[in-house]
Colleague: 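Here it is, the structure in full.
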Amino acid sequence: MSANRPVLIVDSGIGGLSVTREVRALLPGLSVVYLADFAAFPYGDWDEAELTDHVVSLTAKHVAEHGPCAVVIACNTASTLVLPGLRATLDIPVVGTVPAVKPAAERTKSGLISILATPGTVKRDYTFDLIRQFAPDVAVTLVGATGLARMAEEKLAGRAVDGARLAAEIVPCFKEKRGKRTDTIVLGCTHYPFLVEEMRALAPWEVDWVDPAPAIARRLADVIEAPDAGTARFDRYISTAGVAFDYLPFIGEKPHDS
Ligand code: DGL
């Protein structure tokens, strides 16, 4: 009976829209309730126990309110903490977003990959476990970026991206070791795909940037009963700060005619 129920997609801000646009493309009949937790942004700076309690109770509250068929935690910083707690609390599928270590380890030819994520995500046990499990023979550099999520928020709010600040955040990802160079960088925060063009332009050399969003949309499609493409949708984009945001250009749809 999940066919007419929305999916609830949660992030600290606009980052989860990078996942939402893939969900839109793959499941065009599925309604979306998108929750931007602007009041708590950025999650990357939060204490782990406090963030876990916060996201579990916020998500449970919105599940009770909107009756979704599934939840997507479209945030690495939160997913690397809250998935067990949410799955124990909710009786619907919970899809998480965690650093794409496995695909990066499979793709690299040089054996040098980097994970670009928030300061929270790069110190999680969950992230270390992913590396141990999926990249035991790969040299992995973890880079905790302090300002990138905010830069993505600013870009989507219409402000210019400061190239020097962006370059300083990404340059620690580029390593050279015994004649080999980093060739694969994981975008370990859902905000970062919105900055990938600038990252490409400022990169010291060409690399493969891994965005896990298409895989998350496919995972969601696996765990729900997808509505037909022609099903009438009702989408809601809400935030904990009570501010409206203009999301449509970022999920590949045209703004409504006013
Ligand atoms: N979009 C979030 C992530 O994927 C985090 C941004 C933040 O709130 O620090 O990690």
Side-chain angles (χ1 to χ4, degrees), residues 8-23 32 34-56 58-59 71-83 86 94-101 103-104 114-128 130-131 142-157 161 165-166 169-170 173 185-196 198-199 209-217 219-220 237-241 243 245 247 250-251:
L8 174 65
I9 302 181
V10 181
D11 181 43
S12 60
I14 52 78
L17 295 176
S18 65
V19 175
T20 305
R21 68 183 169 189
E22 300 299 335
V23 169
V32 169
Y34 185 90
L35 174 63
D37 191 8
F38 289 140
F41 178 88
Y43 282 175
D45 293 348
W46 277 60
D47 166 82
E48 293 195 354
E50 285 172 20
L51 184 61
T52 306
D53 289 350
H54 171 76
V55 175
V56 170
L58 180 76
T59 305
V71 169
V72 177
I73 302 297
C75 174
N76 297 258
T77 313
S79 294
T80 46
L81 292 174
V82 304
L83 297 179
L86 275 179
V94 177
V95 176
T97 309
V98 298
V101 175
S114 293
I115 300 170
L116 183 63
T118 67
T121 299
V122 297
K123 57 175 200 243
R124 299 272 191 266
D125 289 342
Y126 197 112
T127 305
F128 301 147
L130 287 175
I131 295 169
L142 288 161
V143 177
T146 52
L148 283 181
R150 193 173 295 281
M151 287 170 77
E153 292 278 336
E154 289 170 358
K155 177 182 173 183
L156 268 57
V161 174
R165 266 177 66 209
L166 185 85
E169 294 270 26
I170 65 169
C173 294
I185 299 181
V186 173
L187 298 171
C189 168
T190 53
H191 280 69
Y192 300 171
F194 291 116
L195 293 170
V196 76
E198 290 83 351
M199 290 181 186
W209 301 90
V210 183
D211 174 4
I216 295 155
R219 177 72 195 137
L220 176 65
Y237 289 76
I238 53 181
S239 95
T240 52
V243 296
F245 61 107
Y247 57 88
F250 308 112
I251 58 169

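The shown structure was predicted, so the numbers you read here are calculated from the model rather than taken from an experiment. Both counts, for ligands and for their atoms, begin at 1 and track the order of listing. Hydrogens, waters and symmetry mates play no part in the numbers below; they use all other heavy atoms, side chains included.
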Colleague: Check whether Thr127 reaches the backbone of Thr121 with its side chain - one donor and one acceptor, N or O, closer than 3.5 Å.
Modeller: yes
Colleague: Tell me yes or no: between the side chains of Thr97 and Thr190, is some donor less than 3.5 Å from an acceptor?
Modeller: no
Colleague: So, the side chain of Glu22 versus the backbone of Ile216: is there a donor-acceptor pair under 3.5 Å, distance only?
Modeller: no
Colleague: If the plane angle is over 60° it's perpendicular, under 30° parallel, otherwise tilted; pick one for Tyr34 and Tyr237.
Modeller: parallel
Colleague: Output the set of protein residues with a heavy-atom contact under 4.0 Å to ligand 1, ordered first by chain identifier and then by residue number.
Modeller: Asp11, Ser12, Phe41, Pro42, Tyr43, Gly44, Cys75, Asn76, Thr77, Thr118, Ala149, Cys189, Thr190, His191
Colleague: Among all residues two or more places apart in sequence or in another chain, which pass the salt bridge (charged side-chain N to carboxylate O under 4.0 Å, His left out) test with Arg124?
Modeller: Glu48
Colleague: Treating Thr240 as the side-chain partner and Phe38 as the backbone partner, does any N or O pair qualify as donor plus acceptor under 3.5 Å?
Modeller: yes
